[in-house]
Every structure is written in C-alpha cells, then in structure tokens.
Amino acid sequence: MGDEIRRNMALFPIGIVMKLTDLTARQIRYYEQHGLVMPARTSGNQRLFSFNDVERLLEIKSLIEKGVNIAGIKQVMNPVSKESEEATVITPQTESKRRELTDLQLHRLLKQQLLERRPGRTSLIQGQLSRFYNNKP
DNA sequence: ATTCTAACA
DNA sequence: TGTTAGTA
C-alpha cells in the first residue's frame, strides 16, 4: 500500500491549506497546538501539510461548525501520530467503518452532553448545538 | 512575499 | 478567534 506514503507526504505550506480549508492560519495553528493535526516542518520550521492533514482539518472544520469544541473533537476523532498513520493499513472497508463509528460517537456524544449536563464537567458542545434538539431558529 | 511565535488597546 | 509585532 504505497498510496499512504503519498497521502502522508508533506507538501503544502499553511497558505495553501488556508485556501483549501477556508480556515484561518490562527485556527490551523491552534488545532495543531491541541494535537488535532501534526504537520511536518521544514528545516526552517515552517509547517508542511499532507493530504491527510488537510482532510483532517476539513473534518475538524465540519465538527466545529456542528458546535463541537476541541475537547469534543479530541474524543470523536481518531488520534494522529506519525507512527500509527504510517503503520495502520486503511482499506476502503476500515475507512468507511471509521467514519460510521465517528458519526455514531458524535451523535452519542451530543445526546450524552445534552442529557447528563452535570455541573462541574465542562461542556464539549459550544452552545449553539442545542438548537438541533431544542428550540428551533 | 510568507510564515512563525507570542501576546493583547 | 482576531490581530499585530518583530523575526527567520
């Protein structure tokens, strides 16, 4: 499976990724600080993103738009480590199953958060999401 | 011209 | 998150 090396190949600088994802440099760097993506670095310390990195950022963007915050995203997205990505063989089957599971986890997470909203634990949802279940805009 | 880190009238 | 300063 030499296609993985292509997907994990460090190719584009943050400027390109901004156009590809419609995310600000601030957001992209912020998500990296929280371990949501691990772009490679050039010898000059500049970030170089792979296709996989861009796809992850798009997924993150999608979740953010659904009202999920960083904590929530960390729980529903599979962790990224250079090693696991290169070692994990991703067949079309495992890929689709990964997304299925992610959606189920997301739905479960959202319902869980909206129901057992206990004092003390910080919400994984960023306010607006309640509109998908409660009042209608 | 771009990107990076750090910091906040 | 935006934005800006001072670099590399």
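Below, each value reflects all heavy atoms present in this structure, side chains not excepted, and no hydrogens, waters or symmetry copies. Throughout, a chain's letter reflects where its sequence line sits, starting with A, and its residues are numbered from 1.
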Separation of dC4(B) P from Y30(A) OH (nearest whole Å): 18 Å
Stems where DNA chain C pairs, listed by first number, each of three or more Watson-Crick or G-U pairs under 3.5 Å: B:4-8 with C:2-6
Rounded interatomic separation in angstrom, taking CG from D22(A) and P from dG2(C): 12 Å
Sugar-phosphate, base or nothing in reach of G15(A), heavy atoms under 4.0 Å: sugar-phosphate
Test item: Q75(A) and Q105(A) side chains (from C-beta on) under 4.5 Å apart, heavy atoms: no
Derivation and outcome, salt bridge (Lys or Arg N to Asp or Glu O under 4.0 Å), residues R98(A) and E59(A): CA-CA 13 Å; R98(A) 186 192 70 72; E59(A) 170 70 7; 5.7 Å; no
Sequence neighbours excluded, every pair satisfying salt bridge (charged side-chain N to carboxylate O under 4.0 Å, His left out) that has a member inside residues 67-79 of chain A: none
N or O in side chain of Q27(A) less than 4.0 angstrom from dT1(C) OP1/OP2: yes
pair L63(A)-M77(A): side-chain heavy atoms closer than 4.5 Å: yes
Test item: V54(A) and F12(A) side chains (from C-beta on) under 4.5 Å apart, heavy atoms: yes
Interatomic distance where CD belongs to Q46(A) and P belongs to dT7(C) [whole Å]: 17 Å
Pairs: protein N or O with nucleotides 5-9 of chain B N or O, under 3.5 Å:
| unit_1 | atom_1 | unit_2 | atom_2 | d |
| --- | --- | --- | --- | --- |
| dT5(B) | OP1 | R41(A) | NH1 | 3.1 |
| dT5(B) | OP1 | R41(A) | NH2 | 3.2 |
| dT5(B) | OP2 | R47(A) | NH2 | 2.3 |

Intermediate values then yes/no, side chain to side chain contact (heavy atoms under 4.5 Å, CB included), I14(A) and R29(A): CA-CA 9 Å; I14(A) 200 167; R29(A) 292 173 184 135; 3.9 Å; yes
Whole-Å distance separating the CD atom of E65(A) from the C1' atom of dT1(C): 15 Å
Side-chain heavy-atom pair L11(A), F49(A) within 4.5 angstrom cut-off: no
ILVMFWY cluster, Y30(A) and V68(A) together (side-chain gap under 4.5 Å): yes
V17(A) vs L57(A) side-chain heavy atoms within contact, under 4.5 Å: yes
L48(A) CG - dT3(B) C1' separation (whole Å): 11 Å
Gap between atoms CD1 and C1', on I16(A) and dA1(B) respectively (whole Å): 13 Å
